[in-house]
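All values below were derived from every heavy atom in this structure, side-chain atoms included, with hydrogens, water molecules and symmetry-related copies excluded. Note that ligands are numbered from 1 as they come in the structure, with each ligand's atoms numbered from 1 the same way.
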Amino acid sequence: MHWPESPALMAPLGDWFESHRRELPWRALELDGIHPDPYAVLVSELMLQQTQVATVIPYFKRWMERFPDASSLSDASDDEIHKFWEGLGYYRRARHLRASAQHIANHGWPTDIKGLIQLPGLGPYTAAAVASIAFQRPEPALDGNAFRVLARLLGIEGDPRLHAEPLRSWLRPALEKQGASRMTQGLMELGAMICTPDPKCGKCPLSVQCEARIMNATDRIPPIIQRIKPKESEIWLVAVEADGHWLLLEPAQKGLLAGLWKWPSVEAARLVGENLAAESGDTYTSHDLRSWPGWTQVYTHRREVVSPLHLRLEQRFEAPGGCRWIAAEDMARLALGKRDQRLRDLSKETGMAPLNDPPVASLLALIKHGANPVL
Ligand code: SF4
């Protein structure tokens, strides 16, 4: 690849960032030294994985008030960190953050990329972002936004991620010369605010030399990579209520939603054609079954069409293995994932009109037989 040298090509970015940057609570005013609070950079980068800046800001502020440094976070319980992360999704990030904090509290900060990448939850991008923003190391951090900017600037045809290593080598001298923190954040900011999928080239500090703009090819560089269509399933998410208690699944130790409580759920397809009521011998004559408005829950690789149900029984039955009856007044204290929080909010009100379908006995038989979430 014959790309013009990065220090000259990227030079206008530093000044542009100084004068156009957004003030974000984790950003240092001073761009040339070591960041005064590397922990704030680490927290922000973990939170920003998969989540928009505007969503992260209030979470970041709350988190920093409760866990202002690595040692205060290292002693926190699962329940507490999940509670402070509740609504951000991808809860593994919170546990990774605590594990990193424990390492830092015990051994001090690793300040180079080799040490940072050993911290839990830090892949090459996040480790490079922390190394450059917090410690001024010339480590290019390439995420989707950065790849888009560089692909356009250099006129790279095809998937720019295939050129990740040459791009890092190319960019490094610009970070060395103009400042790692300034250039890394400048590239992030340009990708977020100006060189967006529909770019605002008229406002771009790099427009004079941008190959894609010169070739009038910003609509095809970089190409849109087709994603695999996510799998879709339909579920009943069931809030079973009896004697002022709700039936919930206890948190799993591992997996995507480890540490979070869940409502029982049943795949709608499992109720079709099954007569588990007769099989289980259960009859629930005294019940009230209603629905709430449903929604579609989108995960990275699948979508769930959620039909929330409110099933009120006269009395509790023995909680099945892995489940527990939770007193209504304790519900607010539990850490739940986004989908399950939504049902907790709904559960403060009675559902809509009474239902006859799905059959209550079959539904309960499936719950008792371990019809638990797919996650
Ligand atoms: S000129 Fe346009 S396409 Fe090129 S880097 Fe700037 S915003 Fe992106």
Can Arg95 and His82 be counted as having a side-chain donor-acceptor contact under 3.5 angstrom?
-> yes

Look at the rings of Trp16 and His20 and say which category their plane angle falls in: under 30° parallel, 30 to 60° tilted, over 60° perpendicular.
-> parallel

Pairs meeting criterion side-chain hydrogen bond (donor to acceptor under 3.5 Å, both in side chains) with involvement of residues 154-165, two or more places apart | Glu157-Arg220, Glu165-Arg168

Provide the number and element of each atom of ligand 1 under 4.0 Å from a heavy atom of Thr218.
-> 3 (S)

Scan residues 51-70 for pairs that pass ring-ring contact (aromatic ring centres under 6.0 Å, His included), counting only residues two or more places apart or in two chains.
-> Trp26-Phe60, Trp63-Phe67, Trp63-Trp85, Phe67-Phe84

Partner residues of Arg98 under the side-chain hydrogen bond (donor to acceptor under 3.5 Å, both in side chains) criterion, sequence neighbours left out | Asp78

Considering all heavy atoms, the nearest Trp246-His310 contact = CH2-NE2, 3.6 Å

Nearer than 2.8 Å to atom 6 (Fe) of ligand 1, the protein contributes N, O or S atoms numbering 1

